[in-house]
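Accompanying notes for the structure given below.
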Amino acid sequence: MDIIIRNARILTMDQNDTEYERADILIANGIIEKIGPDVAASVEPGNARIIDGEGKLVMPGLINAHFHSPVNFLKGALVDAPLELYMLYEVPPLQCKTVDSEFAYARTMLGAVELLKQGVTTNHDDCFFVPVPTDEEVNAVMNAYTDAGIRASVTLCQVNVREYEKYPFLYELLPDDIRSEMENVPLLSTEELVGHYETFINRWHGTADNRIRCSISCSAPQRVTPDCLRALDDLSRKYDIPYKMHILETKLQRVLGQVKHGKSFIQYVKDEGVLTDRSVVIHSVWVDDDDIAAMAESGCSVIHNPISNLKIGSGVMPFRRLKEAGINIALGIDEVPVDDGCNLWTVGKTAGLVHKIADPEYRNWPHEDEILDMLTRGGARSMGLQDQVGMLAEGYRADMLLIDLDTLPFTPLHNLKRALVFCENGGSLKMTIVDGRIVVEDGEVLNVDEAALRAQIRGYASRLKTELEQMTVSADRLAPYYREMYLKAVSCDVGMNRWAGPMMP
């Protein structure tokens with residue numbers, strides 16, 4: 001059904017940052033056909049739905065540029081710890097059991113529903129499969145995103161090296177029996193992983209009128225073999241799709257690059273020829289000026305995940321240095337257990353706040369225009385969708401939000417953009433439109449029986465409790481060795497600091 005929105009305040013986020021105090025939007029066949037004052041008056045409504053925009057704001061849908069849906073059931077479940085120990089409890093390295101399609105579908109749908117209800121219209125899911133992807137689980141994930149009505153791009157975020165190869169010092173610290181167990185965990189060869197990707201892309205890329213897409217991921221350069229790193233880049237080039245890689249999220253990873261390659265992992269991927277304008281570098285906290293120059297030269301995008309970086313103590317990304325170098329930056333939730341939700345509004349607000357304790361020069365602090373750009377246009381650019389979504393413009397896909405301005409965050413309203421970044425939390429959302437279809441209205445997800453979904457997931461309570469207990473037992477067994485590795489790594493001098501403390505005295 002076509003849609004006509006009348007008499008709304010409109011924040012387009014287009015190249016000219018056009019704003020309208022009162023204007024109309026015409027949507028036909030999923031496309032923004034016309035936008036501007038009084039354009040609806042000359043149009044025969046026919047069977048179109050007419051939406052009264054009086055007192056409402058229309059703006060582009062938010063874009064979550066980084067997500068891991070396989071941990072959607074771990075909201076509030078894990079005790080905070082540095083990444084290298086935290087992952088033991090959410091992605092057990094000795095796990096060999098895959099999940100069934102019903103479980104994977106519900107798990108993915110839960111995240112999609114929460115994202116849509118918070119105004120996220122596009123989600124970039126770096127989806128890992130433990131220990132290896134199966135057609136059953138992969139298809140369940142993709143079916144969930146298709147049915148939810150969200151725009152999504154999904155990867156197969158797989159490692160293909162042994163657990164102890166991903167870290168410095170760990171091999172020597174582990175006892176023989178644990179090393180042997182790690183060597184028995186199934187791994188994909190480069191050829192097998194590329195084969196999975198070819199099947200995945202041929203089955204899913206461009207489906208649902210191009211709303212569902214595929215991307216490439218190596219997880220991180222230290223988590224795959226060099227030939228796999230390059231082969232995945234070949235796939236990215238072949239299909240002209242993004243190539244995601246976690247790089248220099250933690251100080252330990254900075255140390256690993258020096259120990260393993262004598263260089264940072266940014267320089268490593270550059271030398272391997274896989275740092276390109278298709279690259280999506282996730283985190284980039286422990287980067288130096290040479291790394292930033294290399295990223296800027298490549299044309300890659302960086303995904304900033306400030307809440308994740310705070311919750312597990314990774315550090316503070318040097319935002320202004322990246323921005324001044326001309327690097328495109330987008331924002332990500334990262335995953336439910338490091339956000340304890342799916343609220344990209346709070347990610348934006350946190351990005352606007354955390355850098356204030358990283359630089360005493362207040363003129364360098366992020367401002368609201370930059371935050372909104374990262375939430376919309378920056379996310380679109382990072383996904384290769386800059387000509388389709390991220391702004392409201394004629395010819396673009398109709399992904400947008402209708403926000404009630406007669407709510408507390410906008411009362412009184414002094415500055416619209418500052419109110420969106422620092423006051424709004426998603427509670428004022430009246431409607432989410434994706435590809436010209438209304439998918440959320442007045443708090444209700446229209447494509448999903450949310451009550452039934454919640455009941456289904458509550459039915460997993462016993463299973464989730466058992467699995468979490470098993471994961472904890474396994475992680476507790478490994479944690480002392482990982483802690484020793486972590487402490488050894490963080491004691492190394494890497495020539496920089498990305499933490500706010502310790503406070504002295």
Side-chain angles (χ1 to χ4, degrees), residues 67-81 83 85-118 123 125-148 150 152 154 156-158 163 178 181-182 184-186 308 311-312 333-343 443-445 447-480 482:
F67 197 62
H68 294 295
S69 68
V71 286
N72 281 349
F73 286 162
L74 291 180
K75 182 187 301 178
L78 304 179
V79 176
D80 298 351
L83 174 73
L85 282 87
Y86 194 82
M87 288 179 66
L88 291 176
Y89 294 86
E90 64 166 2
V91 193
L94 301 179
Q95 181 175 318
C96 295
K97 179 185 176 184
T98 58
V99 302
D100 58 85
S101 60
E102 179 189 89
F103 188 86
Y105 181 93
R107 184 183 65 192
T108 309
M109 184 62 81
L110 178 66
V113 165
E114 191 163 2
L115 289 167
L116 286 169
K117 292 183 74 171
Q118 294 289 350
N123 186 41
D125 188 357
D126 208 13
C127 192
F128 54 81
F129 300 86
V130 180
V132 294
T134 65
D135 289 343
E136 181 182 25
E137 188 176 357
V138 170
N139 291 337
V141 169
M142 303 306 282
N143 280 322
Y145 281 128
T146 302
D147 295 346
I150 197 169
V154 183
L156 308 180
C157 177
Q158 294 304 118
E163 172 73 5
I178 292 179
E181 288 181 61
M182 290 179 174
N184 289 326
V185 173
S308 168
K311 186 174 177 67
I312 55 178
I333 290 168
D334 198 346
E335 58 184 39
V336 166
V338 296
D339 181 87
D340 294 318
C342 290
N343 196 318
E444 180 183 356
V445 184
N447 294 342
V448 183
D449 185 340
E450 186 184 340
L453 176 66
R454 293 196 306 267
Q456 177 186 355
I457 293 168
R458 284 195 296 270
Y460 292 142
S462 177
R463 173 178 176 176
L464 292 173
K465 181 176 183 292
T466 299
E467 290 183 355
L468 188 58
E469 288 173 348
Q470 293 172 345
M471 290 160 60
T472 301
V473 169
S474 174
D476 285 348
R477 180 178 168 220
L478 298 173
Y482 281 68

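Quantities reported herein were computed from a predicted structural model and do not represent experimental measurements.
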Minimal non-hydrogen separation, [X] against [Y], with atom names:
X    : Y    : result
H68  : D126 : ND1-O, 2.6 Å
I333 : C342 : CD1-C, 3.5 Å
Y86  : A81  : CB-O, 3.6 Å
V185 : P131 : CG1-CB, 4.4 Å
Q456 : A106 : NE2-CB, 3.6 Å
A112 : A148 : CB-CB, 3.8 Å

Treating [X] as the side-chain partner and [Y] as the backbone partner, does any N or O pair qualify as donor plus acceptor under 3.5 Å?
X    : Y    : answer
T108 : A104 : yes
E450 : E444 : no
N72  : L110 : no
N123 : A152 : no

4.5 Å side-chain heavy-atom contact, [X] and [Y]:
X    : Y    : result
E114 : K75  : yes
E137 : R107 : yes
L468 : Y89  : no
V336 : F73  : no
T134 : F129 : no
Y482 : P93  : yes
R477 : I178 : yes
D125 : V154 : yes

List the steps, then state whether side chain to side chain contact (heavy atoms under 4.5 Å, CB included) holds for N447 with L116. CA-CA 11 Å; N447 294 342; L116 286 169; over 6 Å; no
If you apply the rule side chain to side chain contact (heavy atoms under 4.5 Å, CB included), what do you find for E90 with L78, and how did you get there? CA-CA 8 Å; E90 64 166 2; L78 304 179; 3.6 Å; yes
Within this structure, what is the [atom1]-[atom2] distance for the pair [X] and [Y], rounded to the nearest 0.5 Å?
X    : Y    : atom1 : atom2 : value
I312 : D334 : CD1   : CG    : 7.0 Å
K117 : N343 : NZ    : CG    : 12.5 Å
L464 : L74  : CG    : CG    : 8.0 Å
L94  : L478 : CG    : CG    : 5.5 Å

For the residue pair R463 and F103, would you count it as a cation-pi contact if the rule is NZ or CZ under 6.0 angstrom from the ring centre and within 45 degrees of the ring axis?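 Yes, cation above the ring, under 6.0 Å and within 45°.
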Consider only side-chain N and O atoms of Y460 and E467, and report whether a donor and an acceptor are under 3.5 Å apart.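 Absent: no donor and acceptor within the cut-off.
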Any Lys/Arg nitrogen of K311 or E335 sitting under 4.0 Å from an Asp/Glu carboxylate oxygen of the other?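 Salt bridge flag = no for E335 with K311.
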